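Note that the structure is predicted; figures quoted are calculated from it, not measured. We count ligands from 1, going down the list as the structure has it; atoms in each ligand are counted the same way.
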Amino acid sequence: MTTPAADGDSGAELPESLIPTLAGYTYTDPSVFALEQERIFEQMWFCAVRGADLPKPGDFRTVQVGRESVLVTRSRDGVLRAFLNICRHRGARLCTEETGSVKRNFQCPYHAWTYGLDGKLVAAPNLTSMPDIDRTEYGLKPVHLREWLGYAWLCLAQEPPSFADTVQADVVQRLGSLEAIDNYEVEDLELGRRITYDVKANWKLIIENFMECYHCATIHPELTEVLPEFADGYAAQFFVGHGAEFGEDVSGFTVDGSEGFDRLGGVESDQDRKYYAITVRPQVFINLVPDHVILHRMFPLSEDRTIVECDWLYSKDVVASGRDVSRSVELFHRVNQQDFDACERCQPAMSSRAYADGGVLVPSEHHIGEFHEWVQTTLAQTKDGER
Ligand code: FES
Ligand code: FE
């Protein structure tokens with residue numbers, strides 16, 4: 001993967017204000033996407049499932065992580081576990097549904113090998129006549145799972161990277177400390193609303209868009225009403241610990257600036273009336289406002305298609321009381337639609353000859369260059385970490 005600056009064949013020297021983006025083909029080439037699947041999504045912690053979506057033993061969800069289908073389920077002991085969604089007999093996909101619930105086990109629809117909720121092989125036709133088969137050895141292949149912020153984060157790597165040095169480090173780098181997010185008590189919040197977006201764009205376009213606010217004045221009229229500093233194209237994600245202040249006449253983070261709900265449990269006064277956006281590589285956005293949290297999980301399916309699941313999380317009291325969350329949902333739903341429309345507008349252009357050498361980043365977008373560098377460095381690494 002090269003940029004005009006890196007390969008030097010694009011000719012023109014860039015003025016100081018501009019730095020290059022990645023080249024167009026990196027957003028359209030299936031072989032680049034395959035490498036990203038292998039070296040990014042199958043190596044890093046991947047935020048997959050909200051734990052509360054699987055409240056009882058046997059509840060399950062299947063998710064696409066890199067090139068693998070992963071089955072996440074709650075075992076009899078109440079613990080969330082994840083497995084490759086592949087039967088150990090002849091490789092049939094075990095669960096074809098995206099969500100569901102089984103009573104006590106998963107049975108393969110091909111020859112009926114049957115696995116317990118802990119992944120162990122518990123039954124198969126004629127299994128008793130094959131006493132040499134070790135039921136753990138021929139159980140489902142486990143996938144690393146870690147719960148944080150109420151979500152199951154999965155890692156397909158043999159040796160997962162340190163959670164603290166990757167996922168949590170991204171949060172600390174943005175907020176200045178882990179306590180700053182702990183104050184929102186995200187793991188105790190409840191789902192008020194979920195909207196799933198099927199975005200016809202490469203996952204990197206969605207990340208790049210989330211990282212800058214140069215576009216805010218043009219495409220986010222409602223958001224810039226609530227957060228006036230965003231109208232200046234301000235790089236809110238760039239300054240450690242900085243939260244964007246609500247406008248003077250704004251009462252809450254809602255589509256019309258009307259009042260929201262009580263401040264979440266531990267939110268400090270210096271976090272009140274502020275919005276914080278965090279990008280957790282490679283596929284999560286966390287948005288913090290005093291009375292709710294909005295968390296996006298991206299599921300990159302191909303070089304030009306990404307499913308985004310967006311959760312709006314509120315205090316238990318707000319959800320239990322049935323209070324109307326629609327004004328706060330509507331604000332970020334519009335932001336999402338505006339952002340994803342922009343990404344979809346860029347995607348077809350990535351394969352144009354006009355973009356063969358990529359585009360440029362203005363100063364308030366220069367930090368996106370670090371993301372590009374990270375992608376390039378990560379893709380250049382071989383499996384054992386050597387470059
Ligand atoms: Fe699953 Fe045969 S492939 S039981
Ligand atoms: Fe935006």
Exercise. Is the F46 to W153 ring centre distance short of 6.0 Å?
Worked result: no
Exercise. Does the ring centre of H333 sit less than 6.0 Å away from the ring centre of Y197?
Worked result: yes
Problem set entry | Exercise: do D304 and Y27 side chains pair donor with acceptor under 3.5 Å |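 Side chains of D304 and Y27: no pair found under 3.5 Å.
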Problem set entry | Residue and atom, protein N/O/S, under 2.8 Å of atom 1 (Fe) of ligand 1 | C87 SG, C108 SG
Problem set entry | Metal proximity, C213 vs the Fe ion (ligand 2), N/O/S cut-off 2.8 Å |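 No, since none of the N, O or S atoms of C213 sits under 2.8 Å from the Fe ion (ligand 2).
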Exercise. Is C216 close enough to the Fe ion (ligand 2) to have an N, O or S atom under 2.8 Å?
Worked result: no
For this session: Could you pull out the atom name of the N/O/S atom in D339 that is nearest the Fe ion (ligand 2)?
Result: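 Nearest N/O/S atom: OD1.
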For this session: Check each of W312, Y276, Y275 against N287 using the side chain to side chain donor-acceptor pair (under 3.5 Å) test, and report the only one that passes.
Result: Y275
Problem set entry | R281 and D170 ion-paired at < 4.0 Å | yes
Exercise. What closest approach, in Å, do E344 and K200 show between heavy atoms, and which atom pair accounts for it?
Worked result: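 Minimum heavy-atom contact is OE2-N, 2.8 Å.
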Exercise. C216 and C213: sulfurs closer than 2.5 Å?
Worked result: yes
